[in-house]
Amino acid sequence: MDAQSYTAALADLRGVRDEIKKARAVLARLEAQRDKQIGLLAGYDKAKAERIAPAAGLSLADVVALVPALAPDGLAADAPETAPATPDRSGDGTNLPAAQAPGAVAPAMSAPVQEAAPAQATPADARTRHAPAQPSVDVPVDQDAPRTLPSIPDGAAGQVWFTHTANLLSQRPNFTQQARSTVFLDTDTGVLVHRNQTHQLSLGAGTAAEILTAVFHAVPEGAERIYITAGDPWHRDAARYPYLRDAVAAWLNAPIPGWRTDTGRGRDRMAGHFVHARHPVGRYQRENGDQHVEIRSVGEWFDVDGDDPATVRDAFVLLWQALRRHWSDAVVMGSPSQTGRDLWTRTIPQRGQYAEGYPVLSEELRGLLHATAGQGRTELILPPGVPEQLPQLVEYDRTFAYAKHTWKSPVGTPRRVTAATFAAWSQKEQMRALYGCGHWQVRVTVPDAWQHVGILPAPAPGERAWHYPSTPGSTFTTWAGGPEIHTALTNPVQPWKVEILDGILWEDGKPLDDWAKKLKETWTNLVAQAHFQGAAQQARAAHLASRAVRAILLYGIGSFAQRPRMVTGTTPRTLERDVPADAEIIGFDDERITWQKPTGFSRDPNAHPEWAAAIWSGARAALLTQRHRDENTYAGALHTPPGSVIAFRTDALYLTQPEAWPYHHQPGDYLLKGHLAGPVAAPTTEEELLTLRDAGRAALAQSAGEV
């Protein structure tokens with residue numbers, strides 16, 4: 001084979017690769033359709049797995065794994081009383097093999113005092129609603145097996161994790177952030193707003209090249225940031241690609257005469273495009289290097305509902321003005337996460353214990369937190385966990401939720417708390433540790449009589465997937481934060497058994513308190529402006545600005561987690577050998593190759609996953625139970641009747657009945673967001689839930705307008 005044949009064969013191989021990718025996408029859609037159909041068939045009272053399995057082309061075990069309620073009676077009756085010797089791979093999280101290391105049982109804590117709720121009639125078929133018991137059948141180990149969470153190594157090997165990364169600290173900046181010249185563009189209408197000027201552009205097909213040409217013609221002095229307010233031009237060729245992300249990557253990487261992919265500049269150096277299905281970022285620079293520009297989606301900041309570019313511009317102006325009341329050098333940067341972290345660094349104390357900065361954990365502990373600390377709770381409970389016909393669907397959303405959980409965060413050098421260490425402590429010391437800032441590896445047992453939703457997260461199949469086992473008597477091993485451990489031990493229904501296997505414990509501190517207080521005050525002021533502003537456009541702009549403050553805090557917290565990053569790049573076809581060896585090729589044309597590769601953990605001075613993990617744990621716990629101190633009342637899923645919780649979505653809770661929970665417009669309060677009268681067919685997919693959610697919000701808005 002000569003060089004020409006080799007090149008031609010490579011091109012053919014890439015074509016085969018693309019065809020495989022498309023075929024896999026089609027297969028995935030068909031499999032999802034099959035699984036949904038199985039779920040619908042399972043709703044029939046006399047449905048049997050023995051009949052569904054051959055019709056679906058699956059084994060009996062596969063069907064039972066999808067719908068546990070279809071387990072044949074014989075299998076369930078023959079199941080051994082003890083856990084099987086092989087791990088249960090059903091994906092439910094029940095019967096997961098417990099760690100062999102002995103654990104120390106956490107002490108029973110005092111449950112919160114509250115008035116007794118009236119007894120709720122519980123139908124017999126609701127006793128196993130939330131996670132029906134899995135049959136003890138041997139399911140082959142496959143890609144659907146639950147993830148095994150990592151542990152801290154024993155002895156000296158694990159002890160070296162409990163340090164900080166050398167010469168890496170979060171420090172207060174000694175420079176003033178520079179603002180970027182910004183324009184706002186609606187690619188559907190071609191309307192461009194730059195400062196107080198409005199232009200009408202002709203954008204052709206809406207390619208990045210046409211957008212840059214038109215914008216720089218209308219604004220000769222140039223722009224450094226272009227916010228797309230409507231139109232999503234990166235989706236215009238989506239029908240040609242199997243995945244939306246592929247269409248976005250192709251749009252970003254299409255050649256632009258006179259421009260190339262930006263290599264980064266300045267202190268907030270961000271190089272290369274960011275490929276995201278909904279909110280991508282294109283970074284370009286002139287071939288001569290004297291101009292840099294970003295194309296971004298304004299959807300990173302807030303949802304635009306038909307707002308014109310002028311209203312969006314006003315929202316950013318109001319946001320900047322409101323932030324300046326608390327930070328004299330505040331600058332609105334490209335994204336909420338960048339802005340949030342920059343503002344936080346400007347609240348680092350200039351004197352006291354952490355005047356020199358907050359040290360960054362060892363890479364090993366950051367990796368452990370990345371693998372074992374999930375974010376928001378997302379769970380859809382299917383029939384028979386809820387009625388097939390819902391009496392109604394009621395949505396409650398926790399207002400500015402994460403701001404409620406920033407008052408205390410872990411600081412200092414962490415220490416390890418082994419099971420033996422925990423067992424040797426007095427009960428008072430144990431309770432103090434569990435109330436403090438910690439991250440615990442635990443073996444959990446659900447009470448035998450449990451009839452409600454799950455409390456603690458357990459790993460499910462998928463890279464970042466979690467679920468919440470609730471089958472009575474089941475045992476599983478997981479990692480969880482202090483707020484959730486406390487909820488498991490003190491919940492208003494029935495205490496769970498929690499055994500401490502290992503743990504990480506920090507000192508209690510307030511590294512985020514000043515930052516969060518300033519953002520909460522900024523949010524409160526903008527909400528008030530939106531409410532009392534007489535001019536409709538300015539009221540709408542103030543509302544959007546308040547949503548932007550929420551995004552700054554929300555994504556600022558997320559940025560502390562510092563996930564391993566994926567970067568994209570391009571290489572000319574003539575330099576194919578220069579494609580990084582660990583890169584995945586995601587596209588190519590006659591001129592260039594587009595690739596992506598993981599970068600792992602960078603030396604980020606503001607990487608504090610321990611802060612994000614603590615806040616996320618507190619927010620998940622508050623979805624279950626939250627006390628309103630002023631009225632000594634409680635709200636949350638565990639204060640509803642069993643079988644009435646339909647779904648959790650990060651800050652939102654979906655129920656089959658309304659609750660009389662107080663709302664005072666404060667962060668963390670449960671706001672009635674939607675109310676859809678029934679009967680309503682229970683949602684079986686996320687898409688169906690979102691459709692019902694939108695209908696419920698529209699119905700509530702209509703009823704409020706009629707009052």
Side-chain angles (χ1 to χ4, degrees), residues 180 182-201 203 206 208 211 214-215 223 225-236 238 244 247-248 251-252 274 276-282 294-323 332-340 397 399-400 522-523 526-527 529-531 533 535-556 649-652 673-674 690-691 693-695 697-698 701:
R180 301 285 175 88
T182 303
V183 299
F184 302 89
L185 174 64
D186 183 331
T187 59
D188 279 339
T189 63
V191 174
L192 174 79
V193 171
H194 175 232
R195 297 177 181 167
N196 294 321
Q197 300 175 348
T198 301
H199 305 270
Q200 183 67 51
L201 307 185
L203 299 177
I211 289 173
V215 169
R225 186 174 296 134
I226 301 171
Y227 276 124
I228 305 299
T229 63
D232 297 339
W234 36 79
H235 291 162
R236 296 197 175 179
L244 196 58
V248 172
W251 188 90
L252 292 172
F274 174 64
H276 187 279
R278 301 291 177 187
H279 307 304
V281 182
E294 289 182 332
I295 300 178
R296 311 187 72 113
S297 166
V298 82
E300 293 180 85
W301 291 88
F302 40 67
D303 292 330
V304 178
D305 186 14
D307 299 296
D308 59 34
T311 302
V312 175
R313 173 208 55 200
D314 291 347
F316 276 89
V317 171
L318 288 174
L319 172 65
W320 175 75
Q321 292 172 340
L323 291 174
V332 178
M333 301 178 70
S335 70
S337 60
Q338 288 175 281
T339 306
D397 185 77
T399 299
F400 205 14
T522 302
W523 172 79
L526 288 169
V527 169
Q529 285 188 54
H531 183 72
Q533 175 62 248
Q537 180 174 331
Q538 285 300 299
R540 178 62 181 171
H543 170 74
L544 294 178
S546 72
R547 300 297 293 173
V549 175
R550 175 188 177 276
I552 288 173
L553 186 133
L554 178 69
Y555 294 114
R649 277 185 59 83
T650 309
D651 303 333
K673 201 79 174 285
L690 295 180
T691 299
R693 177 200 67 182
D694 294 342
R697 290 179 178 180

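Starting from 1, each residue takes its place in the sequence as its number. The figures here come from the full heavy-atom set of this structure, side chains too, leaving out hydrogens, waters and symmetry mates.
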When rounded to the nearest 0.5 angstrom, what is the spacing between [atom1] in [X] and [atom2] in [Y]?
X    : Y    : atom1 : atom2 : answer
I228 : I295 : CD1   : CD1   : 6.0 Å
D397 : R697 : CG    : CZ    : 6.5 Å
L185 : R296 : CG    : CZ    : 15.5 Å
R195 : F184 : CZ    : CZ    : 11.5 Å
T229 : D308 : OG1   : CG    : 8.0 Å
E294 : M333 : CD    : CE    : 9.0 Å

Please find the pair of heavy atoms, one from [X] and one from [Y], that lie closest to each other, and give the distance.
X    : Y    : result
L244 : A238 : CD1-CB, 3.7 Å
A315 : A545 : O-CB, 3.5 Å
V191 : P309 : O-CG, 3.8 Å
S337 : Y555 : CB-O, 3.5 Å
A551 : E300 : CB-O, 4.2 Å
S335 : W301 : C-CZ2, 3.4 Å

Those residues that, when tested against [X], pass salt bridge (charged side-chain N to carboxylate O under 4.0 Å, His left out) (two or more places apart):
X    : answer
R540 : D307
R649 : E686
R550 : D651

Any side-chain heavy-atom pair of W523 and T399 under 4.5 Å:
yes
Verdict with reasoning, T522 to I552, per side-chain contact (heavy atoms from CB on, under 4.5 Å)
CA-CA 11 Å; T522 302; I552 288 173; over 6 Å; no
Give a yes or no on whether the backbone of Y227 and the side-chain of S297 come within a donor-acceptor separation of less than 3.5 Å.
no
Backbone N or O of R236 within a donor-acceptor pair of the W251 side chain at under 3.5 Å?
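Flag not set: sc W251 to bb R236 has no pair under 3.5 Å.
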For H279, all residues meeting ring pair (Phe, Tyr, Trp, His ring centres under 6.0 Å), sequence neighbours excluded
H276
My understanding is that only residues two or more places apart in sequence, or in another chain, count here; which of them pass ring pair (Phe, Tyr, Trp, His ring centres under 6.0 Å) with F302?
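By the ring pair (Phe, Tyr, Trp, His ring centres under 6.0 Å) rule, F302 matches F316.
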The test is side-chain contact (heavy atoms from CB on, under 4.5 Å); show your working for V527 and F400 and say whether it passes.
CA-CA 12 Å; V527 169; F400 205 14; over 6 Å; no
Run D232 and R278 through side-chain contact (heavy atoms from CB on, under 4.5 Å) and show every step you take.
CA-CA 8 Å; D232 297 339; R278 301 291 177 187; 5.9 Å; no
Who are the side chain to side chain contact (heavy atoms under 4.5 Å, CB included) partners of V183, not counting sequence neighbours?
L192, H194, V215, V219, A223, I226
Go through it in stages, so that I can follow the logic: the residues are D314 and T311, the test is side chain to side chain donor-acceptor pair (under 3.5 Å), and I'd like the CA-CA distance, side-chain angles, deciding distance and then a yes or no.
CA-CA 5 Å; D314 291 347; T311 302; 5.5 Å; no
How far apart are the C-alpha atoms of V248 and H235, what are their side-chain angles, what is the distance that settles it, and do they pass the side-chain contact (heavy atoms from CB on, under 4.5 Å) test?
CA-CA 6 Å; V248 172; H235 291 162; 3.9 Å; yes
